[in-house]
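If you're wondering where the values come from, they're calculated on a predicted model, not measured in any experiment.
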Amino acid sequence: DDHVAAVAARREEVVLVVASGGRVVFGGLSVRGDHVRVRGIVTGDVDIQNARDVTVIGGQGRTVFLAAVRDVLIQGGSYGGNQDGPTAQIGASPASIDVTFDRVDFHDATATNPTVHMECLWAGGVQRLTVRDSLFRNCAYFAIFLTTLNGPNPKDVLLENNVFEPTSQWNGRPAPYTVNVSNWVTTMDGLVVRNNTVAGDIAVQSATVRRARFAGNLGAIGSCADGVTYSHNVWTLRTCGTTDRQASAAMSHFVDRAAHDWRLKAGAAAVDAADDGDAPANDRSGFKRGPLPDAGAYELGAPS
């Protein structure tokens, strides 16, 4: 359990899979090679650098670190239980390209003092980042922080069907944002945020914003970002576009927030409220969306 599984550079595909009925626990997983598949293993901390075409399915550990990667998929599994540093981090320079987090449970990234900069996902300079069908819970200070550091601005980011629970500061007080496009990002070019359930505000602080749209989201936001097109969102405090809807009680229309069950109750303000021309085909549970899709990550009646 204390050993780190290391995969070095190879030309042929490398596959690490648990035998039927077995259970494998790594102290960590380090990948420095291309064409790697890892499935159903307790990975420990995942570290993938200078690699392409890497997939980790159903892993479990504290952290994920990606640097100078291309075509990386982290699918399913659970990462968290760390302090004073990001749960997942994408190194800023050189930029990583085509990174996807799909149906991942990000959890319990906590700060112990006010000098710490924290988030569940720190994404620096990444080109073509997709985060979908994922849950962010107990994150400090942000669920996702998009930024740059000695490299390019992030570009072409898609966030869809995610649940962003409230974020907190080191002292337990509410943090101001769940998702934050940093002011260090001078130009945010390509940002699609659609059909997410967001229990906190979203900040887009770039001086220049291009090709950015928020569609079909359900959230407790109180501010609107310049340069963003808003369509068929349901917000608690205000509207940002002509087709948005304000519903002050919208964040109380869930099955069981305390148990992280963000499926909609009957009569929820989000029902039939999303954009039928700009919504994922399925919701976070894989339930097919109707011809009048619901705002947020779930369709009414979706299975748990």
One thing to verify: whether Arg32 and Asp47 come together as a salt bridge, which I'm taking to mean a side-chain N less than 4.0 angstrom from a carboxylate O. yes
Determine the minimum heavy-atom distance between Asp294 and Asp272, stating which atoms define it. OD1-N, 2.6 Å
Check which hydrophobic residues are tied to Leu292 through side-chain heavy-atom contacts below 4.5 Å, counting indirect links as well, and list them. none
Grab the two heavy atoms, one from Val181 and one from Ser206, that are nearest each other, plus how far apart they are. CG1-OG, 3.5 Å
For Phe101 versus Val99, what's the shortest heavy-atom pair and its separation? CE1-CG1, 3.9 Å
Output the rest of the hydrophobic cluster of Leu218: all Ile, Leu, Val, Met, Phe, Trp and Tyr residues reachable through side-chain heavy-atom contacts under 4.5 Å, sorted by chain and number. Leu135, Val163, Val234, Met251, Phe254, Trp262, Leu264, Val271, Tyr298, Leu300
Only pairs at least two apart or in different chains count here, so list each ring-ring contact (aromatic ring centres under 6.0 Å, His included) that has a residue in residues 199-234. Phe214-Tyr230
Taking transitive links into account, so neighbours of neighbours count too, which hydrophobic residues share a cluster with Val17 at under 4.5 Å side-chain distance? Val15
Which one of Asp45, Thr110, Thr87 satisfies the side chain to side chain contact (heavy atoms under 4.5 Å, CB included) criterion with Asn82? Thr87
Tracing side-chain contacts under 4.5 Å among Ile, Leu, Val, Met, Phe, Trp and Tyr outward from Leu149 reaches Val116, Met118, Trp122, Tyr141, Phe142, Phe145, Trp170, Tyr177
Under a 4.0 Å threshold between the charged nitrogen and the carboxylate oxygen, would Arg263 count as salt-bridged to Asp283? no
Should Arg194 and Glu160 count as an ion pair when the cut-off is N to O under 4.0 Å? yes
Sorted by chain and residue number, the side-chain contact (heavy atoms from CB on, under 4.5 Å) partners of Thr100 (sequence neighbours excluded) come out as Leu73, Asp102, Thr130, Arg132
In plain terms, say whether Asp156 and Arg211 are close enough for a salt bridge, that is, a side-chain N and a carboxylate O under 4.0 Å apart. yes
Verdict with reasoning, Asp256 to Lys265, per salt bridge (Lys or Arg N to Asp or Glu O under 4.0 Å): CA-CA 9 Å; Asp256 191 348; Lys265 292 180 179 179; over 6 Å; no
Can you give me the closest heavy-atom contact between Arg210 and Thr187, atom names plus distance? NH1-CG2, 3.6 Å
Could you check whether Asp34 pairs with Arg52 (Lys NZ or Arg NE/NH1/NH2 to Asp/Glu carboxylate O, under 4.0 Å)? no
Within the 3.5 Å criterion, strictly below it, is a donor on Arg103 or Asn161 matched to an acceptor on the partner's side chain? no
Side chains of Val204 and Leu191 in contact at under 4.5 Å (non-hydrogen atoms): yes
Are Leu158 and Met188 linked, directly or through other ILVMFWY residues, by side chains that come within less than 4.5 angstrom of each other? no
Can a salt bridge be assigned to the pair Arg213 and Asp278 using a cut-off of 4.0 Å between side-chain N and carboxylate O? yes
Modelled atom types, side-chain donor and acceptor of Asn138 and His107, under 3.5 Å: no
Would you mind telling me which of Asn196, Asp133, Thr197, Asn162 makes a side chain to side chain contact (heavy atoms under 4.5 Å, CB included) with Arg284? Asp133
Do Asp105 and Arg137 sit within salt-bridge range, that is, some charged N less than 4.0 Å from a carboxylate O? yes
